[in-house]
Amino acid sequence: MPELPEVETTRRGLAPHLQGRRVHGVILRRADLRWPIPPEVAELLPGQRIEEIRRRAKYLLLDTAIGSAVLHLGMSGSLRVLPGDTPVRAHDHVDISLDNGRLLRFNDPRRFGSLLWQPAGEIHPLLQGLGPEPLDDAFDGDYLFARSRGRSAPVKTFLMDQAVVVGVGNIYAAESLFKAGISPLREAGKISRGRYQRLADAVKEILGYAITRGGTTLRDFISPDGAPGYFEQELLVYGRDGLPCPNCGRALKHATIGQRASVWCSHCQR
């Protein structure tokens, strides 16, 4: 599933083409994706000006004066801005046409993505209760230390909890814990404030760098311009179980933590 850097890469790629444009029409070739598409999308969005395209966690929001279209890429979704006469392919489920003759097309072979509606002044239920953005100033070692007290879950599970911090999925949690020198198995409540500051710094650095590299191309993800992400070529531990640790040369360990595959170095990460 695309993680935060992939979604942010998509947002940045789409923003110059969408912001300030007026929606001409909406074509829904399906009534549902992961969930039913609310009628407001087709009824209210046409005629509205897209004021901004935002990201919240792994959701993209097309903001207008009366509300926002809320998009999630799911497992295999992609968003492209295309000429209005581009032929429809299999799995092209939604077209949002623009006033300049171009269109935003949502393709999703597995249909785990979503297109929902958030009225102006409200927060969609899926966006309520989310933690801070990992690249915001509110996310730091003090915050992680305070939220972790009394938590016996492994720190990797804690870091991937969307109520704690949004958008740190399996790949980037593994890479950040390696950079911070923290074992993914360690209990969250037994990690010091100083080590949490190193972890917060690592998360910011890893995610920020991954965004500049276009995200991580795994399975179906591809950016809006059709280019792959290149961060996959620089992963230090994720998916490398049994291979030498890039720091000490010892074989990397593998375990399942919270039903997710985890790889780490038992020597470098404590």
Side-chain angles (χ1 to χ4, degrees), residues 1-4 6-84 86-100 102-130 162 166-167 169 215 219-226:
M1 178 179 293
E3 297 195 36
L4 185 150
E6 290 77 51
V7 181
E8 179 63 19
T9 296
T10 298
R11 187 199 70 79
R12 295 184 182 188
L14 295 177
H17 303 283
L18 299 183
Q19 289 182 178
R21 302 255 61 106
R22 195 167 296 276
V23 176
H24 177 70
V26 176
I27 296 175
L28 304 178
R29 298 188 180 89
R30 292 187 57 87
D32 64 347
L33 292 171
R34 183 172 184 178
W35 299 292
I37 300 174
E40 290 90 340
V41 172
E43 295 171 359
L44 301 181
L45 197 55
Q48 295 299 312
R49 179 180 178 272
I50 300 175
E51 299 175 348
E52 186 178 4
I53 175 169
R54 292 185 294 124
R55 179 189 54 76
R56 179 65 171 120
K58 298 178 187 179
Y59 293 88
L60 292 172
L61 291 89
L62 306 184
D63 291 338
T64 75
I66 63 169
S68 305
V70 181
L71 293 141
H72 194 288
L73 298 176
M75 296 289 291
S76 60
S78 65
L79 291 163
R80 303 283 185 85
V81 176
L82 302 167
T86 302
V88 176
R89 304 173 302 157
H91 314 301
D92 284 343
H93 302 310
V94 179
D95 283 352
I96 298 176
S97 60
L98 306 172
D99 58 0
N100 62 353
R102 297 178 71 79
L103 57 82
L104 175 65
R105 177 163 287 171
F106 189 10
N107 179 282
D108 187 5
R110 301 187 193 181
R111 299 201 307 274
F112 280 106
S114 60
L115 173 56
L116 304 168
W117 182 255
Q118 175 179 280
E122 298 183 18
I123 299 178
H124 193 278
L126 290 173
L127 304 183
Q128 295 175 0
L130 294 176
Q162 298 295 290
V166 301
R219 297 181 182 170
D220 303 295
F221 172 72
I222 196 162
S223 64
D225 63 359

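Only heavy atoms go into these numbers, but all of them, side chains included; no hydrogens, no water, no symmetry mates.
Scanning both residues, Leu103 and Ser97, for their nearest heavy atoms gives CB-CA, 3.9 Å. For the pair Val70 and Gln118, the tightest heavy-atom approach, listed with the atom from each and the gap, is CG2-CB, 3.8 Å. Considering all non-hydrogen atoms of both residues, Pro38 and Trp117 come closest at CG-N, 3.9 Å. Between Pro36 and Leu116 the shortest heavy-atom distance is O-CD2, 4.0 Å. Closest non-hydrogen pair, Ala69 versus Leu45, comes out as CB-CD2, 4.3 Å. The shortest non-hydrogen separation linking Leu130 to Ala57 is CD1-CB, 4.0 Å.
Note that CG of Leu60 and CD of Glu8 are 8.5 Å apart. Values are rounded to the nearest 0.5 Å. Between atom CG of residue Leu73 and atom CD of residue Glu6 there is a gap of 9.5 Å, rounded to the nearest 0.5 Å. Note that OG1 of Thr64 and CG of Leu44 are 8.5 Å apart. Values are rounded to the nearest 0.5 Å. Interatomic distance, His72 NE2 to Asp108 CG, rounded to the nearest 0.5 Å: 10.5 Å. Taken to the nearest 0.5 Å, the CG atom of Leu61 stands 12.0 Å off from the CD1 atom of Ile50. A distance of 9.0 Å separates CD in Gln128 from CD in Glu122, rounded to the nearest 0.5 Å.
In the displayed structure, His124 atom NE2 is contacted under 6.0 Å by more than 12 heavy atoms of other residues, nucleotides or ligands. Within 6.0 Å of atom CD1 in Ile66, more than 12 heavy atoms from other residues, nucleotides or ligands are found, so the atom counts as buried in its surroundings.
Contact check for Val94 versus Ile37: side-chain heavy atoms found under the 4.5 Å cut-off. Residues Arg102 and Pro83 meet the side-chain proximity criterion, which asks for heavy atoms closer than 4.5 Å. For the pair Arg55 and Leu4, the minimum side-chain heavy-atom distance is below 4.5 Å. Between Leu115 and Leu28 the shortest side-chain heavy-atom distance falls below 4.5 Å. Leu62 is listed as a side-chain neighbour of Leu104, based on a closest heavy-atom distance under 4.5 Å.
Remark: the backbone N or O of Gly167 is paired with a side-chain donor or acceptor of Gln162 at under 3.5 angstrom. With hydrogens and angles ignored, the 3.5 Å screen pairs no side-chain donor or acceptor of Arg111 with any backbone N or O of Gly113. Side chain of Ser76 to backbone of Arg110: a donor-acceptor contact under 3.5 angstrom is found. A donor-acceptor pair under 3.5 Å links the side-chain atoms of Gln19 to the main chain of Ile53, judged by distance alone. A distance-only check finds no donor-acceptor pair linking the side chain of Asn107 to the backbone of Ser78 [under 3.5 Å].
With Asp95 as the fixed residue, the salt bridge (charged side-chain N to carboxylate O under 4.0 Å, His left out) test singles out one of Arg105, Arg89, Arg30: Arg105.
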Derivation of the salt bridge (charged side-chain N to carboxylate O under 4.0 Å, His left out) call for Asp92 and Arg29: CA-CA 8 Å; Asp92 284 343; Arg29 298 188 180 89; 5.7 Å; no

